[in-house]
Amino acid sequence: MPPLRPTVFLDRDGIINVDIGYPHRPEDMALTPTAAQAIARLNRSGCLAIVVTNQSGVARGLFDLAAVEDFHMAIQRELAQTGGHIDAFYVAPWHPDGIVPEFALDHPDRKPGAGMILRAMDDWPVDRTRAILFGDKPSDIKAATRAGIPAERLTSDFCDLDAAVTRWLGCLDLGAHSLS
Ligand SMILES: [Mg+2]
């Protein structure tokens, strides 16, 4: 068993990238002002940075899962310029009102469901006692609560992710986990 690591779960739209309404084109991807510093800081501190994102645009037929993947590669490319990376992306393409039959259903992965967070906890060495979620919607907070971890709601108008991450790291005893 690898050692458990402190973990930050991140909502995507409005937290990592600017939410322009169903963003999905790589050329439209713009990071929020301090997301790159925040994620590089988490990486340096030995924390896992895991994205959990509802993408109902897939169920709504606005774009497909391959487009979501391309968008995530654009995020990784941009983060790499500051020496950062996301460890994993979890995507909930579902929506009960969708028009793509395969995805037109309510699914426990869709926030406020805790499905994506719980799966990530199975897949990765997440220290549940040192985990938090940052999101911009009540459904983000609810998903975290259901998964048994704290959450902080940030405003998507001017999301200062790095300030939030720095505060959270300051409250952690990183001990041997710290790489910096
Ligand atoms: Mg959001």
Side-chain angles (χ1 to χ4, degrees), residues 7-42 47-65 67-79 82 84-98 103 106-121 126 131-168:
T7 300
V8 172
F9 291 95
L10 297 158
D11 173 44
R12 197 192 80 181
D13 300 337
I15 297 294
I16 295 176
N17 55 275
V18 177
D19 190 355
I20 56 169
Y22 300 104
H24 63 283
R25 289 186 195 90
E27 57 269 33
D28 293 338
M29 203 292 294
L31 295 177
T32 60
T34 66
Q37 296 97 295
I39 289 158
R41 187 184 303 283
L42 287 170
C47 299
L48 290 167
I50 297 178
V51 168
V52 287
T53 179
N54 281 356
Q55 290 300 323
S56 71
V58 176
R60 297 177 200 277
L62 301 175
F63 48 87
D64 60 15
L65 281 173
V68 176
E69 183 72 17
D70 287 347
F71 195 83
H72 291 172
M73 285 181 346
I75 291 176
Q76 294 285 45
R77 275 197 301 274
E78 194 85 7
L79 292 177
T82 316
H85 69 275
I86 296 295
D87 290 293
F89 288 90
Y90 288 81
V91 177
W94 327 94
H95 195 281
D97 300 332
F103 300 116
D106 209 358
H107 190 285
D109 271 11
R110 180 174 162 76
K111 295 176 287 185
M116 291 188 284
I117 301 172
L118 296 175
R119 283 202 289 125
M121 286 173 167
V126 173
I132 191 169
L133 179 144
F134 294 112
D136 64 340
K137 291 201 177 137
S139 55
D140 294 314
I141 310 307
K142 208 164 192 176
T145 304
R146 286 175 171 171
I149 60 169
E152 187 178 328
R153 191 173 171 190
L154 306 177
T155 170
S156 48
D157 291 339
F158 183 90
C159 174
D160 190 349
L161 184 59
D162 196 37
V165 158
T166 302
R167 272 198 308 276
W168 180 73

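All ligand and atom numbering here is 1-based and tracks the order in the structure.
Using a 3.5 Å distance cut-off with no hydrogens or angles, the side chains of His72 and Asp70 do not pair a donor with an acceptor.
Qualifying side-chain contact (heavy atoms from CB on, under 4.5 Å) partners for Ala164, counting only residues two or more places apart in sequence or in other chains: Phe134, Glu152, Leu154, Arg167.
Take the Mg ion (ligand 1) and draw a sphere of radius 2.8 Å; the protein N/O/S atoms inside it number 3.
For the pair Arg12 (side chain) and Val51 (backbone), a donor-acceptor distance under 3.5 Å is absent. A donor-acceptor pair under 3.5 Å links the side-chain atoms of Lys111 to the main chain of Val52, judged by distance alone.
Asp97 contributes atom CG, which lies 6.5 Å from atom CZ of Arg60 (distance to the nearest 0.5 angstrom).
None of Val165, Leu133, Ile86 except one satisfies the side chain to side chain contact (heavy atoms under 4.5 Å, CB included) rule with Leu10; the exception is Ile86.
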